[in-house]
Amino acid sequence: DEDDVGQLEPISPVTRSLILCLGVCYQARLRKREQFVACVAERFQHPCQLPRPHSEWRFEREINWCQRVFLDELKLGPNIAKNKALCENVFMMVVCIDLRIPLFLVGKPGSSKSLAKTVVTDAMQGDSSPSPLFRLLKQVHMVSYQCSPLSTSDGIVGTFKLCHRFQKDKSLDRFVAVVVLDEVGLAEDSPRMPLKALHPLLEDGTSGADDKEDEEGEMSTDIIPRHKRVAFVGISNWALDPAKMNRGIMVSRGKPDSAELEKTAREICATDPSVQSLITPLIGDLAEAYGSIYQSQAGRE
């Protein structure tokens, strides 16, 4: 695809920006995206014109190509496949972290959520990043909080305060601290309802408490401007209630199709030719078996 970029009919930078905005804000939260793409692509009119008659293909291609640009800048270890899940997760994390937009990453175990967090942390090192592209972006410092049914609102608020202290006296144009709530869905089972603390934290950047702590470099009850807030990433195996997820961008990872499963398996085995030659005849059957097991577990979330 990258080889024929110059052969495509050009589109304006404004059109490309609009496509990427729609992809980040709306398409990413849908598991079945064909109807959305078909409906939106046909409504692009002058001056934001998409080439016809293949406007749907071009809409998806622009998003996929931009995502791939970020993924190709990463140095991944052996046995890691550059599949659609990792590609989109990385892109969404980079965009939301750099712009300090709250992000919820939702998908079943094995959908590259934690892997994306690790590779983004390694890549977003500001001027120290090995990638010229990532040197243009902010340096990140991630602080993880492991959620569980025993989680408390004090623990979550404390993590946000810790990130605010990391940002103190830093150039906010070049540095961002990130609150990462791992397995955030588990905290929904807590009778203390700790996730309610997220509402003011994500909406206006405050803890909602009455005490002001600005002099200590922490949060106050005054609304914090977006450029001074910490970034937020919530990782979950299932969707949370809309009251929380509507306060940020959501990525919903659906079931991978057979072609994607087979492509992933081939890339994982590609680093060892001997293993690849042995496993290649079995990949189709393995992908079919995975799909059957996945389908049998539907509705158990």
For Ser274, give me all partners under side chain to side chain donor-acceptor pair (under 3.5 Å), at least two apart in sequence or on another chain. Asp272
Check the orientation of Phe232 and Phe160. Use parallel for under 30°, tilted for 30 to 60°, and perpendicular for over 60°. parallel
When every non-hydrogen atom of Arg68 is compared with those of Lys82, the smallest separation belongs to NH1-O, 3.2 Å
Set of side chain to side chain donor-acceptor pair (under 3.5 Å) partners for Arg16, sequence neighbours left out: Glu62
Ring of Phe175, cation from Lys170 - is the NZ or CZ under 6.0 Å from the centre and inside 45° of the axis? yes
Under a 4.0 Å threshold between the charged nitrogen and the carboxylate oxygen, would Asp127 count as salt-bridged to Arg174? yes
Quick test of your reading of the model: are Asp182 and Lys117 salt-bridged, counting only N-O distances below 4.0 Å? yes
Could you pull out all residues at least two apart from Tyr145 that satisfy ring pair (Phe, Tyr, Trp, His ring centres under 6.0 Å)? none
For Ser131, check side chain to side chain donor-acceptor pair (under 3.5 Å) against everything at least two apart and list the hits. Glu73
Minimum heavy-atom separation for Arg52 to Arg43, with atom names? NH2-N, 4.3 Å
Taking transitive links into account, so neighbours of neighbours count too, which hydrophobic residues share a cluster with Leu150 at under 4.5 Å side-chain distance? none
Check for me, please, whether Val179 and Leu172 land in the same ILVMFWY cluster - side-chain distances under 4.5 Å, paths through other members count. no
If you link I, L, V, M, F, W and Y whenever their side-chain heavy atoms are under 4.5 Å apart, who else ends up in the same group as Phe36? Ile11, Leu18, Ile19, Leu20, Leu22, Tyr26, Leu30, Val37, Val40, Phe44, Leu50, Phe59, Ile63
